[in-house]
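As the structure is a prediction and not an experimental result, all values here were calculated from the model. Each residue takes its place number in the sequence, starting with 1.
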Amino acid sequence: MVDDFEKLKKYQSFLQKSIIKERQIDKKIELITIINHLTAGPKNLVQKEQIIIEANSRGFSDDEIEKLIQELKRDNIIYETSPGYIKKR
């Protein structure tokens, strides 16, 4: 009986971690969508501040935005052409 309870606790913990990871991926996709929308021009360039304003209006926190932008840079999806300007690869 105790063993079953421990298995259930481990499974529940696994599910919680999976849900958190899914939410992070969803947020990253949503931020990419925002960037795609804002860079719909010939240069694919947008001010970082515009991304922050749009993402804030969709419920992102400033810390979350910064973290996701850094992840997208590490993933080689975007880069900063000059301080404050984001460009897609």
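Using a 4.0 Å cut-off between charged nitrogen and carboxylate oxygen, K10 and E6 do not count as a salt-bridge pair. Ion pair E66/K48 flagged as a salt bridge, since at least one NZ, NE, NH1 or NH2 atom sits closer than 4.0 Å to an Asp/Glu carboxylate oxygen.
S18 places a side-chain N or O within donor-acceptor distance of the main-chain N or O of F14, the cut-off being under 3.5 Å.
Nearest heavy-atom pair, I51 versus I34, reported as atom, atom and distance to 0.1 Å: O-CG2, 4.5 Å. Minimum interatomic distance between N56 and S61 (heavy atoms only, all atoms of both residues): ND2-C, 4.1 Å.
When side chains are defined from C-beta on, L38 counts as touching E54, because their heavy atoms get closer than 4.5 Å. Looking at heavy atoms from C-beta onward, K27 lies out of side-chain contact with E71 at the 4.5 angstrom threshold. Side chains of L45 and T39 form no contact here, defined as non-hydrogen atoms less than 4.5 Å apart. F60 is listed as a side-chain neighbour of E30, based on a closest heavy-atom distance under 4.5 Å.
For the atom pair CG of L68 and CD1 of I77, the computed distance is 10.5 Å after rounding to the nearest 0.5 Å. Atom-to-atom distance recorded for K88:NZ and N36:CG is 4.0 Å, nearest 0.5 angstrom. Between atom CD1 of residue I19 and atom CD of residue Q16 there is a gap of 7.5 Å, rounded to the nearest 0.5 Å. For the atom pair Q70 CD and I78 CD1, the distance stands at 8.0 Å (nearest 0.5 Å). Separation of atoms NZ (K67) and NZ (K28) is listed at 9.0 Å; rounding is to 0.5 Å. If you take CD on E49 and CD1 on I53, they are separated by 4.5 Å, rounding to the nearest 0.5 Å.
Residues passing the salt bridge (Lys or Arg N to Asp or Glu O under 4.0 Å) test with K73 are E80, sequence neighbours excluded.
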Does the side chain to side chain contact (heavy atoms under 4.5 Å, CB included) test come out yes or no for I52 and Q47, once each step is laid out?
CA-CA 9 Å; I52 293 169; Q47 282 186 319; over 6 Å; no

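With a 6.0 Å radius and a threshold of 12 heavy atoms from other residues, nucleotides or ligands, R89 has its CZ atom above the threshold.
Residue L72 is not grouped with residue Y85 when hydrophobic side chains (ILVMFWY) are merged at heavy-atom distances under 4.5 angstrom, including chains of intermediate members.
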